[in-house]
Amino acid sequence: MTHATLRPEFEQLIDPYAPVGQLGTGFTFTEGPIWHPVGQYLLFSDMPADVRRRWDAARGVVEARRPSNKCNGMTYDGELNLIVCEHATSSLIRERPDGRRDVLASHFENQELNSPNDVCVHASGAIYFSDPWYGRMPVYGVERPRQLGFQGVYRLPPGGGAPQLVVARDLFDQPNGLCFSPDEKRLYVNDTVQALIRVFDVEADGSLSGARVFASGIRSELEPGVPDGMKCDQFGNVWVTAPGGVWVYAPNGDLLGKVRVPELVANLAWGGADFRTLFMTATHSVYTVTTKVGPRNEPYMAARAGAATAAPAAAPPLLRAEGLALDPRRCALIIQDLQNDVIMEGGAFAESGAPSHARAQRVVDNVRRLADAARARGVVVIHVWFIVEPGAPGLTLNAPLFEGLADSRALVRGTWGAAPVAGLEPQPGDFIVEKMRMSAWEGSRLETILKATGRDLLIDTGAWTNMSIEHTARTGADKGYFIVVPEDCCSTMNAEWHSASINFAMQNVAVVTHADAVIKALA
């Protein structure tokens with residue numbers, strides 16, 4: 001999926017070919033993503049299911065709270081207390097790490113709030129939140145009459161107090177996402193029904209003034225999507241959910257480009273170790289994409305200070321053939337070139353001896369066992385396939401290997417030969433990388449995925465040991481990645497070539513071990 005560049009500045013914020021990965025799916029309607037900067041995990045809500053869920057690299061997606069009072073938007077305050085918008089209770093809640101629960105706001109002028117929807121925190125400690133009435137509708141909340149006759153935006157003073165209405169009562173139909181500019185001199189608030197974003201000046205006392213339309217016409221008859229969640233990046237660009245995914249506006253209101261996402265996106269938040277992973281809650285799924293830019297410096301991000309000093313000094317993984325110990329949160333399993341043409345009888349290279357050596361190595365069974373164990377432990381699994389277009393356009397014939405591919409009409413997209421061997425098909429949550437070179441790095445999206453998922457330790461498997469595997473390991477080592485090669489998860493034309501690579505070249509760039517040792521190390 002290619003993102004849409006409308007102005008050149010867009011490509012300074014995100015690679016237009018950056019892959020969108022699916023973190024999890026099968027949910028009802030996802031919302032409210034927020035990244036914990038110390039615990040390194042994502043929280044997100046599933047309103048209709050009345051569940052709050054959590055994702056981290058070790059355990060994947062698990063339930064964090066049920067029932068969740070149909071919670072929607074979430075953020076943290078400067079002390080890492082969770083601030084939650086609850087649809088079912090029409091309240092803004094603070095949840096402390098020790099489990100205590102405080103009601104921050106539930107009424108305005110003795111009338112129940114509609115249903116707090118999204119929330120952001122000012123450096124002063126003041127909290128701003130929107131209050132449409134979606135939470136009083138079926139499915140997304142609890143159906144019940146409204147007490148207020150308008151939909152507003154409110155401010156809670158630092159230290160607490162009654163909510164202060166900071167916009168005109170008739171200004172919004174359904175105020176929704178809101179965010180501050182990096183210098184906090186402006187507050188952006190969007191309106192889902194009016195399909196626009198308004199911007200306000202933030203006065204010294206926290207009040208808002210100078211309401212004006214920042215962007216309008218955020219709608220399409222061709223693609224689903226509306227203004228909903230919204231965040232500001234470190235340079236003041238505004239990222240808002242919209243038709244087809246996420247639209248990005250410059251501080252002057254110019255539309256720079258569009259991040260394409262397979263499902264309707266409801267909200268977004270940056271996270272990851274370097275806050276360069278954009279998490280997007282999108283209907284039934286949660287997606288991620290790597291960006292070149294991070295978020296504005298939110299108050300809760302200061303809590304990174306203690307962790308940030310420790311992170312660069314984190315001990316390298318214990319990498320030795322005996323006593324191997326691997327942190328699954330740092331690992332990615334690469335399954336490379338295990339395609340029918342490469343190692344199967346009847347494939348284009350069957351006469352090379354590759355099928356026989358693959359059987360002797362039990363490479364398919366060993367990689368399958370390793371992949372199953374890796375997924376269970378939260379390791380990222382990446383399938384790297386050599387794919388040639390019909391007629392081999394773009395495949396340079398500068399080496400015998402590439403000439404042989406073209407002459408054999410091997411690994412052509414859409415053919416049996418290019419497909420993964422039976423038993424090693426991609427599973428939900430896996431990534432697929434295509435290449436037209438021996439190394440998995442050349443001309444591919446491999447490193448984009450590794451950066452997006454925060455992985456620096458690569459378990460390199462597949463065919464062929466002395467070519468694709470060795471080239472990938474060499475380049476990975478040069479790039480600063482830790483490389484582990486389980487030799488019984490690799491094969492080539494014959495045992496002699498395999499042994500030469502494993503026992504000589506590979507010893508200088510990787511830890512060479514076997515599948516069972518890696519599975520044990522991941523535990």
Side-chain angles (χ1 to χ4, degrees), residues 18-24 40 42 55-61 271-274 276-277 279 287-290 314 316-319 324-338 366-385 420 424-435 439-442 444-463 468-487 489-490 506 509-513 515 517-523:
V20 174
Q22 190 181 70
L23 203 67
Q40 296 291 291
L42 181 79
W55 176 89
D56 62 56
R59 296 191 300 167
V61 177
D274 59 357
R276 293 298 185 276
T277 300
F279 294 90
Y287 293 92
T288 65
V289 68
T290 300
L318 180 58
L319 290 178
L324 186 68
L326 303 175
D327 182 350
R329 295 170 297 181
R330 299 176 64 175
C331 291
L333 171 64
I334 296 177
I335 302 174
Q336 189 166 189
D337 294 358
L338 290 180
N366 290 334
V367 172
R368 184 195 300 119
R369 289 192 300 113
L370 179 53
D372 289 344
R375 293 186 187 100
R377 291 161 173 78
V379 173
V380 169
V381 177
I382 305 173
H383 303 259
V384 178
W385 296 339
L424 294 181
E425 299 87 355
Q427 301 299 306
D430 292 359
F431 292 91
I432 298 172
V433 168
E434 296 182 0
K435 61 168 187 170
S439 171
W441 304 95
E442 295 301 322
S444 81
R445 303 177 186 179
L446 176 60
E447 192 156 24
T448 300
I449 294 170
L450 295 174
K451 296 294 187 184
T453 55
R455 308 298 162 134
D456 65 348
L457 200 157
L458 311 184
I459 305 165
D460 196 11
T461 71
S468 295
I469 303 304
E470 186 177 316
H471 279 251
T472 298
R474 287 176 180 273
T475 302
D478 279 342
K479 287 176 173 287
Y481 291 88
F482 301 99
I483 311 294
V484 174
V485 176
E487 68 88 18
C489 292
C490 307
M506 214 77 84
V509 294
V511 168
V512 177
T513 182
V518 174
I519 292 170
K520 181 179 178 181
L522 289 172

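All heavy atoms count here, side chains included; hydrogens, waters and symmetry mates do not.
Nearest approach of Pro486 to Leu370, heavy atoms of both residues: CG-CD2, 4.0 Å. The minimum heavy-atom distance between Lys435 and Ala440, with the atom names listed, is CD-CA, 4.1 Å. The two residues Pro420 and Glu425 come nearest to each other via the heavy atoms CG-CA, 4.2 Å. Residue Arg455 comes nearest to Ala332 through the heavy atom pair CB-CB, 4.1 Å, listed as atom of the first residue, atom of the second, then distance.
With sequence neighbours excluded, no residue forms a side chain to side chain contact (heavy atoms under 4.5 Å, CB included) with Lys520. Taking the side chain to side chain contact (heavy atoms under 4.5 Å, CB included) definition, one finds that Arg329 meets it with Ala57, Ala58, Asp327, sequence neighbours left out. The salt bridge (Lys or Arg N to Asp or Glu O under 4.0 Å) search around Glu470 returns Arg474, not counting sequence neighbours. By the side chain to side chain contact (heavy atoms under 4.5 Å, CB included) test, Ala371 is found to be paired with Leu333, Ile335, Arg375, residues two or more places apart in sequence or in another chain being considered. In terms of the ring pair (Phe, Tyr, Trp, His ring centres under 6.0 Å) criterion, Phe431 has no residue partners (sequence neighbours excluded). Qualifying side chain to side chain contact (heavy atoms under 4.5 Å, CB included) partners for Glu442, counting only residues two or more places apart in sequence or in other chains: Arg437, Ser439.
Side-chain contact between Lys479 and Glu447 is present, with at least one heavy-atom pair separated by less than 4.5 Å. Using a 4.5 Å cut-off on side-chain heavy atoms (C-beta onward), Thr513 and Val485 make no contact. Counting heavy atoms from C-beta outward, Thr453 and Thr288 have side chains that stay 4.5 Å or more apart. Between Ile459 and Ile334 there is no side-chain heavy-atom pair separated by less than 4.5 Å. Side-chain contact check for Ile449 versus Val433: some heavy-atom pair is nearer than 4.5 Å. Asp337 is not listed as a side-chain neighbour of Trp385, based on a closest heavy-atom distance of 4.5 Å or more. Considering only heavy atoms from C-beta on, Cys331 comes within 4.5 Å of Leu522 through its side chain. For the pair Thr461 and Gln336, the minimum side-chain heavy-atom distance is 4.5 Å or more.
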Test side-chain contact (heavy atoms from CB on, under 4.5 Å) on Phe482 and Arg330; report intermediate values, then the result. CA-CA 10 Å; Phe482 301 99; Arg330 299 176 64 175; 3.7 Å; yes
Audit row: Val509, Ile483, side-chain contact (heavy atoms from CB on, under 4.5 Å) steps and yes/no: CA-CA 7 Å; Val509 294; Ile483 311 294; 5.9 Å; no
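Listed for the Thr448 side chain is no donor-acceptor partner under 3.5 Å among the backbone atoms of Ala18. No side-chain donor-acceptor contact under 3.5 Å links Arg276 to the backbone of Gly272. For the pair Trp441 (side chain) and Thr475 (backbone), a donor-acceptor distance under 3.5 Å is absent. Of the possible donor and acceptor atoms, one in the side chain of Asp430 sits under 3.5 Å from a partner among the backbone N and O of Gln427.
Between Asp56 and Arg59, at least one side-chain N (NZ, or NE/NH1/NH2) sits under 4.0 Å from a carboxylate O, which counts as a salt bridge.
Interatomic distance, SG of Cys490 versus CG of Leu338, reported as 8.5 Å (0.5 Å rounding). Summarising the geometry, atom CG belonging to Leu42 is positioned 5.5 Å from atom CZ belonging to Phe279; distances are rounded to the nearest 0.5 Å. Of the inter-residue distances, the one linking Asp372 atom CG with Arg377 atom CZ reads 10.5 Å to the nearest 0.5 angstrom. Taking SG from Cys489 and CZ from Arg368, the interatomic distance works out to 11.5 Å, rounded to the nearest 0.5 Å.
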